[in-house]
Amino acid sequence: MLMTLVVVTIVVASTILINFLRKEEIKRVDILVSALKFQQEVTPSLEVQELILKIYSSNTTIPMIVLDREDRPMVHKNIPQEIENDPVLVTLLAKKMAKSYPPIEIKVPNGNNQFVYYDNSQILNNLRYSPFILGFFILCYFLFSFWFLRTIKKTDEGYLWAGLAKETAHQIGTPLSSMIGWIEIMKLDNPESDGVHEIERDIERLRTISERFSKIGSIPELNDLNFNETISENYDYLKTRISKKIDFSLHLPTYTILVPHNKILMSWVIENLVKNAVDAMKGEGVLEMYVFERNKNILIEVKDSGSGMTKQQVRNVFKPGYSTKKRGWGLGLSLARRVIHEYHNGDIKISQTEVGKGSTFRITIRKG
């Protein structure tokens, strides 16, 4: 609003100034024409002739052309040098001037009346565009300032989330170390216990989660090549920990897919997509995960039969803090997007959704 007010004020003020200068130039032309009329009507004295000459010479900016009744050039001033010696072009320029201002007629005693054609000075013509040019540059300045401040804000937010993630990893690490010690004691009493093995798997999972948080804000190494293995391990873990009422299936290509990626972070992304799908289905439905290759890209699709999303939800689903659930911070999909975009130079989006029929999330990563 403020930017618009500033630009409009400048344009209005410049327009008023330009109109004032235009009227002043018209007054100067009227004075010059009056002097020419006086010269034609009477025989002036030497002093008067000298005054008329000064008036005529003082015009160094306003283009003028005087034609007779037959449209033949008689006098001209301040016109382009390349046409001043060509009577035809001078006449054409005079007719063009008549579109801006009507010619002024000077009546001559012998009946061969003269017509004075004139136009704005080049300086005035240039000033006509100056408010728009100035407004354009002011608009660019405000847009750049807005972009710069927004970039700084995003950078600050990025540092904040990175710091929060690293602190979370640090806080998880302390009780995790104690849990590892206690599980070793439990294994001494009953090393073959299924419960002990399951707790071990969950502890390992906690360790993985801690590593995920510790990698936020750092540039991860992309050195895990067997993509099928990463997806399969994640699928096996998640399948045992989601509702039995969900028909969860994985469709992998028959050949090995080799693509540089970070196993820990990629598993995090898949886990977030699967958990969101489970929440959308309220613990019951069909969940399918596909991995396939297309145009030198690896695509991962997570398709659910849940509640689907509205257009507004699709626009906001990857924004930090946005969540349709009563519980949760709304950071999972935002962090997943950052992992794919910034760390794997890929893309993540909702490729299909319909309210009441489910959604499909698609991840696209170049093979390298």
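Keep in mind it's a predicted model, so treat the numbers as computed, not measured. Computation of the quantities below employed the complete heavy-atom set of this structure, encompassing side-chain atoms and omitting hydrogens, waters and symmetry-equivalent molecules. Counting begins at 1 with the first residue of the sequence.
- Applying the side-chain contact (heavy atoms from CB on, under 4.5 Å) test to P102 and every residue at least two apart in sequence or in another chain returns nothing.
- Alongside L299, the hydrophobic cluster contains Y290, F292 (criterion: ILVMFWY side chains under 4.5 Å).
- In this model, no donor atom of one side chain and acceptor atom of the other lie less than 3.5 Å apart for Q114 and D68.
- Listed by chain and number, the residues in a ring-ring contact (aromatic ring centres under 6.0 Å, His included) with F361 amount to none (sequence neighbours excluded).
- Under the side chain to side chain donor-acceptor pair (under 3.5 Å) criterion, D71 pairs with K95, sequence neighbours left out.
- P253 pairs by the side-chain contact (heavy atoms from CB on, under 4.5 Å) definition with N228, Y255, I257, V291, not counting sequence neighbours.
- Residues that satisfy the side chain to side chain donor-acceptor pair (under 3.5 Å) test with T91, not counting sequence neighbours, are absent from this structure.
- For the pair P63 and M97, the tightest heavy-atom approach, listed with the atom from each and the gap, is CB-CE, 3.6 Å.
- Counting only residues at least two apart or on different chains, the salt bridge (Lys or Arg N to Asp or Glu O under 4.0 Å) pairs with a member in residues 285-294 are E293-K367.
- Residues N262 and H344 have side chains that never bring a donor and an acceptor to within less than 3.5 angstrom of each other.
- Considering only residues two or more places apart in sequence or on other chains, D86 meets the side-chain contact (heavy atoms from CB on, under 4.5 Å) condition with V88, L89.
- Qualifying salt bridge (charged side-chain N to carboxylate O under 4.0 Å, His left out) partners for K263, counting only residues two or more places apart in sequence or in other chains: E229, E233.
- A distance-only check finds a donor-acceptor pair linking the side chain of N316 to the backbone of Q312 [under 3.5 Å].
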Original post:
Y235 and F248: ring pair (Phe, Tyr, Trp, His ring centres under 6.0 Å), yes or no, with the steps?
Top reply: CA-CA 9 Å; Y235 168 77; F248 189 17; 4.7 Å; yes
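- Here Q352 pairs with nothing under the side chain to side chain donor-acceptor pair (under 3.5 Å) rule; sequence neighbours left out.
- Each of I246 and V286 belongs to its own hydrophobic cluster when Ile, Leu, Val, Met, Phe, Trp and Tyr are linked at side-chain heavy-atom distances under 4.5 angstrom.
- In this view, T364 satisfies the side chain to side chain donor-acceptor pair (under 3.5 Å) rule with no residue, not counting sequence neighbours.
- K357 is linked by a side-chain contact (heavy atoms from CB on, under 4.5 Å) to E354, counting only residues two or more places apart in sequence or in another chain.
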